[in-house]
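Here's a structure for you.
Indexing begins at 1, ligand by ligand and atom by atom, following the structure's order. In this chain, numbering begins with 1 at the start of the sequence shown.
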Amino acid sequence: MSKIESIFKKAKREKFAIGQFNFSDFTQLKAIARASKELDIPALCGTSQGEASFFGKTNAVALIKKFREKEKIKLYLNFDHGKSYKELKEAVDNGYDMVHFDGSDLDFDKNIRETKKIVRYAHKKGVLVEGEVSKIGGKSALFNKKAEKFTLTSLEKIVRFIEETEVDCIALDVGNIHGVFTEMPKMELERISNLLREVSCFVVLHGGSGIQKKEIREAIDRGVVKININTEIRVEWIGAIRDFLDKNPDEIVPYKIMPEAEFAVYKKIREKMKLFINK
Ligand code: 13P
């Protein structure tokens, strides 16, 4: 059993969740590592397709390995919302610990076929696969409007998808959406318990930014083991850089500017880790 699988098993049993924190810049990755080391809590680091192509898959794998093997910090790497077999095969071959295939834009049977193909390949290499059948909308940004409401996918369809593909984790729609909105949607968290009565898959909560603490805790109590956060990290990162440059408009030295961004992201991740672990 892979390390990350045993962490998810423990999380499900003991009712805590692991954060997946997305990054595309080294200050963000250092901030995740610092929070994880100080709290001694494992973390998944996530790269979407855009983030991975900017940062470089091999750079991401090499740095996670360095933090884990040399510094004994419990960081793992997930490829977030991969849209093709080719992209995810490359992530697996490069050493990602986990991959998420998002086939939610595909027709249901095609999504099953493509997800199965990835599961077969990844499992041979001991890599976990997260699947997605019900589209989780929005994007990791700040919106000056109310979140739109999506029609939720029937649990029967999700159960069939999990049973046929044998995915390890499922990105479940419970009203969640990527991004932060002036008004967040109402969550239907009982779907987590209802799904877990049917299958033993690990449940993942996407769109973790902007969700109320009370709802996060309820989702974990109902069995969610991974919560993805991106928007709130981006907001902290850019906010700290903007503030610093407002106060120091002539500064051009990266190592004087970027520690502010790293510290802001570190504080946000620390806050999320404590909430997810219930410390
Ligand atoms: P947020 O941007 O809402 O935090 O969602 C992140 C996410 O779910 C990445 O998969």
Please examine the side chains of Val203 and Leu196, heavy atoms only from C-beta on, and report whether any two atoms are closer than 4.5 Å.
yes
What pairs meet the salt bridge (Lys or Arg N to Asp or Glu O under 4.0 Å) rule with one or both residues in residues 257-267, with sequence neighbours excluded?
Lys30-Glu262
Crowding at CZ, Phe108 (>12 non-hydrogen neighbours, <6.0 Å):
yes
Just by distance, do the side chain of Glu156 and the backbone of Arg160 share a donor-acceptor pair under 3.5 Å?
no
Are more than 12 heavy atoms from other residues, nucleotides or ligands located less than 6.0 Å from atom NZ of Lys37?
no
When Asn176 is tested against each of Glu215, Met184, Glu188, Met187 for side-chain contact (heavy atoms from CB on, under 4.5 Å), which residue passes?
Met187
Set of residues that line ligand 1, where lining means a heavy atom lies under 4.0 Å from it:
Asp80, His81, Ser140, His178, Gly179, His206, Gly207, Gly208, Ser209, Asn228, Ile229, Asn230, Thr231
